[in-house]
Amino acid sequence: MSTAEAVAATSTPADPWSSWLRSRADVRARRGLERRADPPEPGTPSSDVVDLAANDYLGLAAHPDVRAAAARVATEGPVGARASRVVTGTHPAHADLESAAAALAGADAALAFSSGYTANLGVLGALAGPGTAFLLDEHAHASLRDGAALAATARSGAFTSLPGASVTTVEHNSVPAFRAALDRLRAEGRARRIVLVVESLYSVLGDEADLPALAALAAEHGALLVVDEAHSLGVVPGGSRAGALGLWAGQAPVVVTATCSKALGGQGGLALFGGPDAQSWRDHVLNTARTFVFDTALAPVLAASAAAACRIAATGEPAARLARARETAVDVLTRRPELAGHVEVGAGAVHSIRMPGPEQAVAAAAELRAHGVLVGCFRPPSVPDGVARLRVSVTTAVPEPRLRAALEAVASVAARAWGASTGCPFSHGDPRPEAVRGDHLRISDPADLRRVLTDPGTFASDNALTAVVPLSGPARRILAAARFRLPPVLAFAGGEEHRAVRRVVAPFFSPAKVREARGRILATTRTALTAALADTGRAGGAVDLATTVAAAVPARVMSALTGVPNPPEAQLHRWSADSLELFWGWPDEDRQLRLARSAADFHRWLRGAVVEARGDDAQPGNLFAALHEAGVDDERIVSLGYFLVIAGQETTRLLISTALTRALADPARWAALGAGADGGAGADAAEAAAAELVAECLRTSSSVPTWRRLATADVRVGEHEIRAGDELLLHLSGEQHDDARLAFGFGLHRCLGAGLAELETALVVREVARLLPGARLTGPPATWLRLLSFQAPQHVLVTPGPWHGGEDTRIEQSGVDACASRS
Ligand code: HEM
């Protein structure tokens, strides 16, 4: 084939659009992300359907007064507005809606739009200009995100970013995260005007924003607060949260947006203004909101029906009935033990049930639909945290007994989905999403693994910390701005560079040091367990061993062995979990931004710790100081610290969670592990049982089930023809293995913390079993964290039963040393 023919064949496909359409449809189907807008099931009379998917919370869509208002306008004049209000003027129904809506919300002025979506696009667009910075809650509705993105774009000529304009998403419902983002903007010094964008009541989780704190924060920074009250207008006492909280009388300017299509049961959007500048804000938005100026106005029939709905809602009676319906929902959904931890009870009408995955969510919604119950089915990408959910919106349109029965059906179908899908992660196969499966060559035969691991020349470890999904430009920019760098060191270095550093690190975890740590491990276990049990009273009886004991022990022991102090533990665990997901998970672009910010903060903290460690008053026995002494530069020490927090703490925390889950699943095994208290009879057998448990976990379901290598040459290994550049996924643990030792690797890079991790896991399980012999797993089986190279149950929820530690319950006060001396 000639070059021209080859170019023609490859670069001008006959119809690139139809193949693109097909591939997009395939991807949606494979990921269970197809959406449909089907008519109701044929043959089901609508009166037999209980609709918990719609947003008609107050049952006003079919209210006789609301329908009559629309009918009156329809018989008197044209149905549609026929043009924008800046062209044909304001219909009396528009003015009526604006005054009724302002009265309902406690606002001083209002402006009606053709929908809630266009209200958000219009209002945020009206705030645009060079130097306008938008900070959005990461769960903000698509219309707010689109509005901010458009607002930051210059529309004259080419579509480019407005100079100095920016859009940043901020961790969900976190006032400290907003504060940190504001501080960052201030430090950068580019933003001239700042807009905080939140929802009053979020549509998926149903949780409320802390509006007073956000308004105070906005006032402190001279920012404007935009609050979308789509889900709260008419539902909350006082009509709107902004009005009820007196936000318009505060220091910060506040603009509220809302929709007439949810609690008001109709169609249309609203911008609401209050305070001394209310009329100026309304004039500004009327003149500059493109979706007001250039869009045909809201149809007068719809404006009239929405005005009538506002007046009914303003009586407060529908909201009081909704509060009773909400109580029914909370009662039904939170009573099922199988759903414990999966129900997100909303502050308003909306409640969510987390589902194991998108496929289960779709199947559950379909099953319910077949039984005449409609629920919302939310899946990525509509859920920013990647968790699929069923959403129920309670409504006064359904009488109490039918509502209760429908909710029981929802709870029962969701509970079944959970029961069917939990357990050992390997029973579900490969955790990798389809899109990244082709990226790795799987090696699982133990002989092949050993062959690869003993030849670091051909199989380099350079890719140990390569992100599984390429990081987006904005995420990389966040990391670059924070000087986040991970130069090769130890686990992802080779040759002398690797050996020299390993020689410095190894003595910190020598067998003697690990033996000496025994007392500290036991003491820390008891301290952490006591603290967790003290909290249990407050949390209603169950204790989560994964987030308490399993998290605390490796962190505190590592700090003691390395001499490097820990940041606050909650912060440390958040940073570790975020970094695990950033590099070994498959976060979408939005989530990458949040994770990258977290990784950047972590890296910044590590840099500070390194500087401190090599200062004049450096403590002897500090690992960072020892590396500095050995000539390792600061950047490499930080890089090593970053790896060690993940390798030394998270991996062990995850293994302890797995081991506890396995042990607790079998009461006889739990009893055997707790036997031989105080070195009494049975202690040897208990020790052997713990060693066997740890080996079993490492062999079949280790916290690090895979590790990666990069081939540097073409080579054959067993059945595999490997090419230079191939990325190998080494299955170090799984049902096929008979040797637990492979879980820590093999050869030159074998884990330096293997002995410590094994000892910590065995001692923690034994000590918890000894102190809480009656502990039993409770709630539905835990969901598993499943990343490319890390896995474990997310929770180990137990009812603790009686404490068998005698006076040890006061261990919190007596401290670690007293406990250590006991062992
Ligand atoms: C359950 C707990 C743990 C598991 C499953 C685990 C697993 C692994 C694996 C699979 C490797 C890679 C081996 C290779 O590339 O060939 C590794 C390396 C490493 N691990 Fe662990 N690890 C655990 C706990 C720890 C602890 C507690 C420490 C603390 C010292 C630690 C420190 C290291 C280091 C420093 C390396 C790199 C060694 C080198 O490249 O020379 N690990 N670990």
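Bear in mind that the values here come from a model prediction, so they are computed numbers and not experimental data. Along the sequence shown, the residues carry numbers beginning at 1. Worth knowing before you read on, the calculation uses all heavy atoms, side chains too, and leaves out hydrogens, waters and symmetry mates. Just follow the structure's listing: the first ligand is 1, and inside any ligand the first atom is 1.
Phe744 CD2, 3.6 Å is the protein heavy atom nearest to atom 6 (C) of ligand 1. Ranking protein heavy atoms by distance to atom 5 (C) of ligand 1, first place goes to Val704 CG2, 3.5 Å. When only non-hydrogen protein atoms are considered, atom 17 (C) of ligand 1 lies nearest to Cys751 CB, 3.6 Å. Arg709 NH2, 2.8 Å is the protein heavy atom nearest to atom 16 (O) of ligand 1. Nearest protein neighbour of atom 13 (C) of ligand 1, counting heavy atoms only, is His749 O, 3.3 Å. Scanning the protein for heavy atoms near atom 25 (C) of ligand 1, the closest one is Ala647 O, 3.1 Å.
The pair Glu760-Arg653 does not count as a salt bridge, with every side-chain nitrogen at least 4.0 angstrom from each carboxylate oxygen. Residues Arg636 and Asp633 are paired through a salt bridge, judged by an N-O separation under 4.0 Å between the basic side chain and the carboxylate. A salt bridge does not link Arg591 with Asp588: none of the charged nitrogens is closer than 4.0 Å to a carboxylate oxygen.
In this structure, Phe583 and Tyr642 have perpendicular ring planes: the angle between them is above 60°, well past the 30° mark.
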Side-chain donor-acceptor contacts of residues 663-674 below 3.5 Å, not counting sequence neighbours, with atom names and distances?
unit_1, atom_1, unit_2, atom_2, d
Asp666, OD1, Ala668, N, 3.1
Asp666, OD1, Arg669, N, 3.4
Arg669, NH1, Glu696, OE2, 3.3
Arg669, NH2, Glu696, OE1, 2.9
Trp670, NE1, Leu772, O, 3.0

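Of the polar atoms of His498, at least one N or O is found under 3.5 Å from an N or O of ligand 1, judged by distance alone.
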